[in-house]
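When reading the values below, keep in mind they use all heavy atoms of this one structure, side chains included, and skip hydrogens, waters and symmetry mates.
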Amino acid sequence: MQAKLICYSLKNLRSAERVAFRRHVYGFNDHSNNNRYSYKRQGIMSSIPHRKILDCVVIVKDSNADAVIKAMRKYRATVFVFPILAPFKL
C-alpha cells in the first residue's frame with residue numbers, strides 16, 4: 001500500500017508553539033469545572049487513519065498526506081516526507 005512517512009521536528013519552536021502544534025495535530029483532553037467535565041477535543045489526526053511510529057514520525061496514506069503536511073507547516077515545523085510501501089493497512 002502506498003503511504004507517506006512524515007518526520008517532523010519542533011526544535012525551532014518555543015514551548016507554547018509546540019503545545020499548540022500537538023493540540024492541533026493530535027487533539028487533547030479538556031477539563032472544566034474542577035475536572036467534573038471532560039471533553040475530547042479532536043485534532044486533524046483524529047479523522048485520518050495513521051500509525052504513529054515514534055514521537056515525531058507518522059505514517060499516513062498518500063491521499064491524506066497533503067492535509068497533514070499543510071497543518072504541520074502552518075506551525076513552521078521542519079517536515080521531511082518519504083514515500084514508502086506500507087506492509088500493513090491503514
Undergrad: Tell me whether the count of non-hydrogen atoms from other residues, nucleotides or ligands lying under 6.0 Å of NZ in Lys40 goes above 12.
TA: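 Count over threshold, so yes.
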Undergrad: Without placing hydrogens or testing angles, list every side-chain donor-acceptor pair under 3.5 Å for residues 46-60, not counting sequence neighbours.
TA:
residue, atom, partner, partner atom, Å
Ser46, OG, Gln42, OE1, 3.0
Ser46, OG, Gly43, N, 3.2
Ser46, OG, Gly43, O, 3.4
Ser47, OG, Ile44, O, 3.4
His50, ND1, Met45, O, 3.4
His50, ND1, Ile48, O, 2.9

Undergrad: Quick one: CG on Leu10 to OG on Ser15, what's the gap to the nearest 0.5 Å?
TA: 11.0 Å
Undergrad: Hey, quick one: are Met72 and Val81 part of the same hydrophobic cluster, counting side-chain heavy atoms closer than 4.5 Å, chains of contacts allowed?
TA: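 Yes, Met72 connects to Val81 through the hydrophobic network.
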Undergrad: Between Leu85 and Gln2, does a side chain to side chain contact (heavy atoms under 4.5 Å, CB included) hold up when you go through it step by step?
TA: CA-CA 5 Å; Leu85 289 173; Gln2 293 288 334; 3.2 Å; yes
Undergrad: Could you tell me whether the side chain of Tyr39 reaches within less than 4.5 Å of the side chain of Asn29, counting heavy atoms only?
TA: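 Of all side-chain heavy-atom pairs linking Tyr39 with Asn29, none is under 4.5 Å.
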Undergrad: Would a hydrophobic clustering, with Ile, Leu, Val, Met, Phe, Trp and Tyr connected at side-chain separations under 4.5 Å, put Ile84 with Phe80?
TA: yes
Undergrad: Side-chain heavy atoms under 4.5 angstrom apart, residues restricted to Ile, Leu, Val, Met, Phe, Trp, Tyr: same cluster for Tyr75 and Val25?
TA: yes
Undergrad: May I have all residue pairs that pass salt bridge (Lys or Arg N to Asp or Glu O under 4.0 Å) and include part of residues 6-31, sequence neighbours excluded?
TA: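 Checked against salt bridge (Lys or Arg N to Asp or Glu O under 4.0 Å) - neighbours excluded - the pairs reaching residues 6-31 are Arg14-Glu17, Glu17-Arg76, Asp30-Arg41.
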Undergrad: Tell me, please, which residues at least two apart from Ala86 pass side chain to side chain contact (heavy atoms under 4.5 Å, CB included).
TA: Ala3, Phe88
Undergrad: Show your working on side chain to side chain contact (heavy atoms under 4.5 Å, CB included) between Lys74 and His24 and close with a plain yes or no.
TA: CA-CA 10 Å; Lys74 176 181 168 186; His24 179 74; 4.2 Å; yes
Undergrad: Should Lys4 and Lys61 count as side-chain neighbours, where that means a heavy-atom distance under 4.5 Å?
TA: no
